[in-house]
There are 2 protein chains.
Amino acid sequence: MKIGELARRTGVSIRSLRYYEEQGLLKPERGDNGYREYSVLAEEQVRTIQFYLGLGLSTEQIAGFLQCVLIHKEAFCSEVLPVYEKKLAEIEEQLALLTAIRSNLMERIAYIRAESTEEEER
Amino acid sequence: MKIGELARRTGVSIRSLRYYEEQGLLKPERGDNGYREYSVLAEEQVRTIQFYLGLGLSTEQIAGFLQCVLIHKEAFCSEVLPVYEKKLAEIEEQLALLTAIRSNLMERIAYIRAESTEEEER
DNA sequence: CTTGACCCTACCATTCATGTCATGGTTTAT
DNA sequence: ATAAACCATGACATGAATGGTAGGGTCAAG
């Protein structure tokens, strides 16, 4: 199938499909006219890419194990676990930061509201 | 004081101090030679800016209430509360997303580890 | 008077997946 | 054969604070 059809089927923009190819995630054949020709497998492949992007992984990280996980179970692909662990550590760090900021914001909001209430009571 | 001294005192880079000015957060005088001349109040002002940046607010948001909060209590400045509320909502959204990703990652990591363990037991 | 330490402006780079043009070739249906 | 719909590449923009560099003025101490 051509790129437009793959885009329609997967809901991923043509632009992104070309980007994935540039990043080594997709390798479509080329017709005589230069058009990209995707196999039926490409559809699942794109959904897999989208899934990993949704986990916050970069295209570079995904490229490191995509071929493997398309064939085998994740547990078989040794590149997957370290990437997951690294990502998890980053997420935990971000969560800690955001949680601290949230506490701070909530305190300050509560304080401001309390002050305003006092104001009204006067 | 000149920009280098303010940078040294606050730990903020000269580059950033100039950026804050560009964003309307600082308005130093200018000497005859074109050098920026900061008042002693600028030091506290910069620390205040840094504090709000640390809460994740943008320079634009900070610019909206900085002059007020430098003089009054936060609760007096009506622009502060909506900014805090907006930021809090964004943070909550990010937390929800990150928390979901974390759960997903932890599950998948646990699964992979379980598989590997089985492997070793065989 | 020279040297080093300071200051100035203006610009590019950074991250990274995606959107959006511009420009032009190809295919399909009328 | 012509128009509409498709495809191609290449390039710039995005967000937002900060780092870095280039090219050039200013000041203070020796």
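Chain A is the first sequence line, chain B the second, and so forth, proteins listed ahead of strands; every chain is numbered from 1.
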So what does B/R30 touch, heavy atoms closer than 4.0 Å: a base, only the sugar-phosphate, or nothing? sugar-phosphate

Think A/N33 has a side-chain N or O under 4.0 angstrom from the OP1 or OP2 of C/dT27? yes

Given atom CD of A/E37 and atom P of D/dA8, what is their separation to the nearest angstrom? 10 Å

Short side-chain N/O contact from B/R36 to OP1 or OP2 of C/dT9, under 4.0 Å: yes

Sorted by first residue and then second, give each salt bridge (Lys or Arg N to Asp or Glu O under 4.0 Å) pair with at least one member in residues 35-57 of chain A; sequence neighbours left out. A/R9-A/E43, A/E21-A/R36, A/E43-A/R47

Residues which pass side-chain contact (heavy atoms from CB on, under 4.5 Å) with B/I14, listed by chain and number, not counting sequence neighbours: B/I3, B/A7, B/R18

Between D/dC6 atom C1' and A/D32 atom CG, what is the distance in whole Å? 17 Å

Which residues pass the ring pair (Phe, Tyr, Trp, His ring centres under 6.0 Å) test with B/F51, not counting sequence neighbours? none

B/E29 CD - C/dC7 C1' separation (whole Å): 17 Å

D/dC27 C1' sits how many Å from B/I3 CD1, rounded? 17 Å

Find the distance B/E21:CD to C/dC8:C1' and express it as a whole number of Å. 11 Å

With the threshold set at 4.0 Å, does a side-chain nitrogen-carboxylate oxygen contact exist between A/R8 and A/E5? no

May I have the list of side-chain donor-acceptor pairs in residues 79-86 of chain A shorter than 3.5 Å, sequence neighbours left out?
unit_1 : atom_1 : unit_2 : atom_2 : d
A/Y84  : OH     : A/E74  : OE1    : 3.4
A/Y84  : OH     : A/E74  : OE2    : 2.5
A/Y84  : OH     : B/R108 : NE     : 3.0
A/E85  : OE2    : B/R113 : NH2    : 2.4

Could you state the CZ-P distance from A/R8 to D/dA5, rounded to the nearest angstrom? 13 Å

For DNA chain C, the residues among residues 87-101 of chain A that have a non-hydrogen atom under 4.0 Å from it: none

Ignoring hydrogens and angles, write down the donor-acceptor pairs under 3.5 Å from the side chains of residues 59-71 of chain A, residues two or more places apart or on other chains.
unit_1 : atom_1 : unit_2 : atom_2 : d
A/T59  : OG1    : A/Q23  : OE1    : 3.4
A/Q61  : OE1    : A/S58  : N      : 3.0

With no hydrogens and no angle check, just 3.5 Å: does a side-chain donor-acceptor pair link A/Q50 and A/Y20? yes

At under 4.0 Å between heavy atoms, which parts of nucleotides 14-25 of chain D does protein reach? Answer with one letter per nucleotide, 5' to 3': B base, S sugar-phosphate only, - none. ---BBBB----B

Residue pairs, two or more places apart or on separate chains, that pass salt bridge (Lys or Arg N to Asp or Glu O under 4.0 Å) and touch residues 93-106 of chain B: A/E92-B/R102

Interatomic distance where NZ belongs to A/K2 and P belongs to C/dG25 [whole Å]: 19 Å

Sorted by chain and residue number, the side-chain contact (heavy atoms from CB on, under 4.5 Å) partners of A/S13 (sequence neighbours excluded) come out as A/R15, A/S16

Whole-Å distance, B/E22 CD to C/dC8 P, equals 14 Å

